[in-house]
Visitor: 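Structure below; questions to follow.
Numbers here are sequence positions counted from 1.
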Amino acid sequence: MKMNSSKLITMSVVVELILLVMVACEAKPLSEEEYIKKYAVELKIDETVDNLELESFNKIIKDKKIIFTNEMHGVNENSIIQTKMSKYLIDNWGLKYILVEGGYAAGTILNTYIQTGDEELLNQYKKIYLMNKFNNTSYYDYMKSLFEKNKELSEEHKIRIIGIDSIENVPCVKMFIDLLIKNNPDLSPEQINVLNTFSSEIEEVDILNSTLEYNVEENKIKVQQAINKLESHITSNDVAYEENLEDSLFELKVILNNIKNTQEISGKPLNDHYNKKEFYEVRDKNTYNNFKILDKKFNLEK
């Protein structure tokens with residue numbers, strides 16, 4: 001039977017449409033729920049020695065430089081999952097740097113703990129976040145597990161914690177300054193006085209201005225003045241600071257830069273949707289810039 005040309009054209013169009021729909025369905029990215037169903041691996045959170053279920057990640061991570069993980073704040077099981085993942089990555093992937101969602105000062109405090117096991121330092125840090133709604137004490141169990149793991153590793157392979165966030169916490173900055181002075185005995189009395197003065201001045205202000213009722217702009221000026229005085233003293237005595245602080249001078253400069261950058265979004269109430277959007281856009285941009293600076297400094301290979 002001979003088919004007329006109009007029917008052929010119609011059939012051709014229908015077939016092409018079917019093919020297009022099939023291709024479109026195939027190319028459509030998976031939804032979050034579909035992705036999780038396809039790739040999720042159930043972790044045995046009661047088993048911290050046998051981590052065989054994590055071996056499914058090997059093909060995915062073997063040639064990667066960075067691995068991102070996330071968590072639900074305030075959930076006790078986080079520490080078990082973090083411990084399992086960290087130990088597995090240390091043993092099977094060569095993990096060396098753990099970047100945490102915290103300012104550089106907070107990261108330095110936690111890193112000092114996992115290198116030394118200083119329980120007094122960890123307890124002091126815990127008090128800072130005691131009333132934080134996102135806090136859960138199991139996080140410190142994770143820190144203790146990292147300290148124990150570090151004891152097994154050679155100096156070359158010891159893990160290090162780095163605070164990548166661009167927002168600093170004032171009590172953590174004060175703790176950092178105290179550690180800086182304690183761990184650098186060659187600092188002159190003048191340098192110690194300048195550092196302590198800076199520490200006292202920022203204690204009097206809220207560097208985010210998120211809870212202030214008085215003039216926000218006035219507070220920003222106070223923050224900037226405190227930073228300017230310290231930076232001016234460092235610049236005028238650069239050789240002495242470089243000799244007395246060595247690598248700690250880099251750390252101090254990162255923290256000062258974080259506080260300065262924070263003033264860009266300082267004073268914006270976060271209950272407002274648009275302010276919140278701007279806040280996180282600026283925060284994420286500055287945090288990404290931090291990563292580039294820290295990668296250049298430490299060569300964050302794993």
Visitor: For Phe198, does the six-membered ring have the charged nitrogen or CZ of Lys229 within the cation-pi criterion, i.e. under 6.0 angstrom from the centroid and within 45° of the normal?
Guide: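 Verdict for Phe198: no cation-pi partner in Lys229.
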Visitor: Salt bridge check, Lys253 against Glu231: does any charged N sit closer than 4.0 Å to a carboxylate O?
Guide: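 Here Glu231 does not pair with Lys253 in a salt bridge, since their nearest N and O are not under 4.0 Å apart.
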Visitor: Answer yes or no: is there a donor N or O on one side and an acceptor on the other, between the side chain of Ser236 and the main chain of Ser232, under 3.5 Å?
Guide: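 Confirmed, Ser236 side chain pairs with Ser232 backbone.
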Visitor: Once you round to the nearest 0.5 Å, how far does CG of Asn196 lie from CD1 of Ile177?
Guide: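 So the gap between those two atoms works out to 8.0 Å.
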Visitor: Can you classify the ring geometry of Tyr97 versus Phe298 as parallel (below 30°), tilted (30 to 60°) or perpendicular (above 60°)?
Guide: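 Correct class here is tilted.
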Visitor: Taking only residues two or more places apart in sequence, or in another chain, which ones meet Asn58 in a side chain to side chain donor-acceptor pair (under 3.5 Å)?
Guide: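 With neighbours one apart ignored, the set is Tyr88.
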Visitor: Identify all side-chain donor-acceptor contacts of residues 104-113 below 3.5 Å with residues at least two apart in sequence or on another chain.
Guide:
residue : atom : partner : partner atom : Å
Thr108  : OG1  : Tyr104  : O            : 2.8
Asn111  : OD1  : Gln115  : NE2          : 2.9
Asn111  : OD1  : Ile161  : N            : 3.0
Thr112  : OG1  : Thr108  : O            : 2.8
Tyr113  : OH   : Glu119  : OE2          : 2.9

Visitor: Mark yes or no for whether Asn286, through its side chain, and Ser166, through its backbone, hold a donor-acceptor pair below 3.5 Å.
Guide: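 Not a single qualifying donor-acceptor pair exists.
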Visitor: Could you list the residues that satisfy side chain to side chain donor-acceptor pair (under 3.5 Å) with Lys144, not counting sequence neighbours?
Guide: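 Partners of Lys144 by the side chain to side chain donor-acceptor pair (under 3.5 Å) criterion come out as none, since no residue qualifies.
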Visitor: Just verifying a value: how many Å separate Asn150 CG and Glu155 CD, rounded to the nearest 0.5 Å?
Guide: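 Taking CG in Asn150 and CD in Glu155, the distance rounds to 8.5 Å.
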Visitor: Main chain of Ile259, side chain of Gln263: is a donor-acceptor contact present, judged purely on distance under 3.5 Å?
Guide: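 Judged by distance alone, yes, a pair lies under 3.5 Å.
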Visitor: Quick one: do Phe250 and Ile293 satisfy side-chain contact (heavy atoms from CB on, under 4.5 Å)? Show the steps, please.
Guide: CA-CA 10 Å; Phe250 167 82; Ile293 291 168; 4.0 Å; yes
Visitor: At what distance, to the nearest 0.5 angstrom, does CG of Leu99 lie from CG of Asp165?
Guide: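 Leu99 atom CG to Asp165 atom CG measures 11.5 Å (nearest 0.5 Å).
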Visitor: For Gln191 and His233, does a side-chain donor sit closer than 3.5 Å to a side-chain acceptor?
Guide: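 On atom types as modelled, these side chains do not qualify, holding no pair under 3.5 Å.
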Visitor: Once you round to the nearest 0.5 Å, how far does CG of Leu179 lie from OG of Ser248?
Guide: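 Spacing of CG (Leu179) from OG (Ser248) equals 9.5 Å.
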Visitor: Identify whether the distance between the nearest side-chain nitrogen and carboxylate oxygen of Glu34 and Lys37 falls below 4.0 Å.
Guide: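 A salt bridge is absent here (no side-chain N lies under 4.0 Å from a carboxylate O).
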Visitor: Check whether more than 12 heavy atoms from other residues, nucleotides or ligands sit under 6.0 Å from atom NZ of Lys158, and answer yes or no.
Guide: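 Counting other residues, nucleotides and ligands, NZ of Lys158 exceeds 12 neighbours.
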Visitor: Going by the side-chain contact (heavy atoms from CB on, under 4.5 Å) test, name the single residue among Asn92, Leu89, Leu95 that passes it with Ile61.
Guide: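 One option only clears the test, and that one is Leu89.
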Visitor: Can you hop from Ile221 to Ile202 via hydrophobic side chains spaced under 4.5 Å?
Guide: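 No, Ile221 does not connect to Ile202 through the hydrophobic network.
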Visitor: Can you tell me if Asp118 uses its side chain to pair, donor with acceptor, with the backbone of Leu121 under 3.5 Å?
Guide: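 At least one qualifying donor-acceptor pair exists.
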Visitor: So that I can tick it off, tell me whether Glu101 and Arg283 are bridged by a salt bridge, with the cut-off set at under 4.0 angstrom between side-chain N and carboxylate O.
Guide: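 So Arg283 pairs with Glu101 through a salt bridge.
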Visitor: Let me confirm one number: the CD1-CG distance from Ile164 to Asn258, rounded to the nearest 0.5 Å.
Guide: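 With rounding to 0.5 Å, CD1 (Ile164) is 9.0 Å from CG (Asn258).
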Visitor: Assess whether a salt bridge exists between Glu201 and Lys222, defined as any Lys/Arg side-chain N lying under 4.0 Å from an Asp/Glu carboxylate O.
Guide: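 Answer for the salt bridge query: no.
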Visitor: If Ile, Leu, Val, Met, Phe, Trp and Tyr residues are connected whenever their side-chain heavy atoms lie under 4.5 Å apart, and connections chain through other members, are Tyr280 and Tyr288 in the same group?
Guide: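 No, because Tyr280 and Tyr288 fall into different hydrophobic clusters, even though each may have its own neighbours under 4.5 Å.
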Visitor: At what distance, to the nearest 0.5 angstrom, does CG of Leu122 lie from NZ of Lys127?
Guide: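 Output value for this atom pair is 11.5 Å.
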Visitor: Same hydrophobic cluster for Ile60 and Trp93, using side-chain heavy-atom links shorter than 4.5 Å among ILVMFWY?
Guide: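 Same cluster: Ile60 reaches Trp93 through Ile, Leu, Val, Met, Phe, Trp or Tyr contacts under 4.5 Å.
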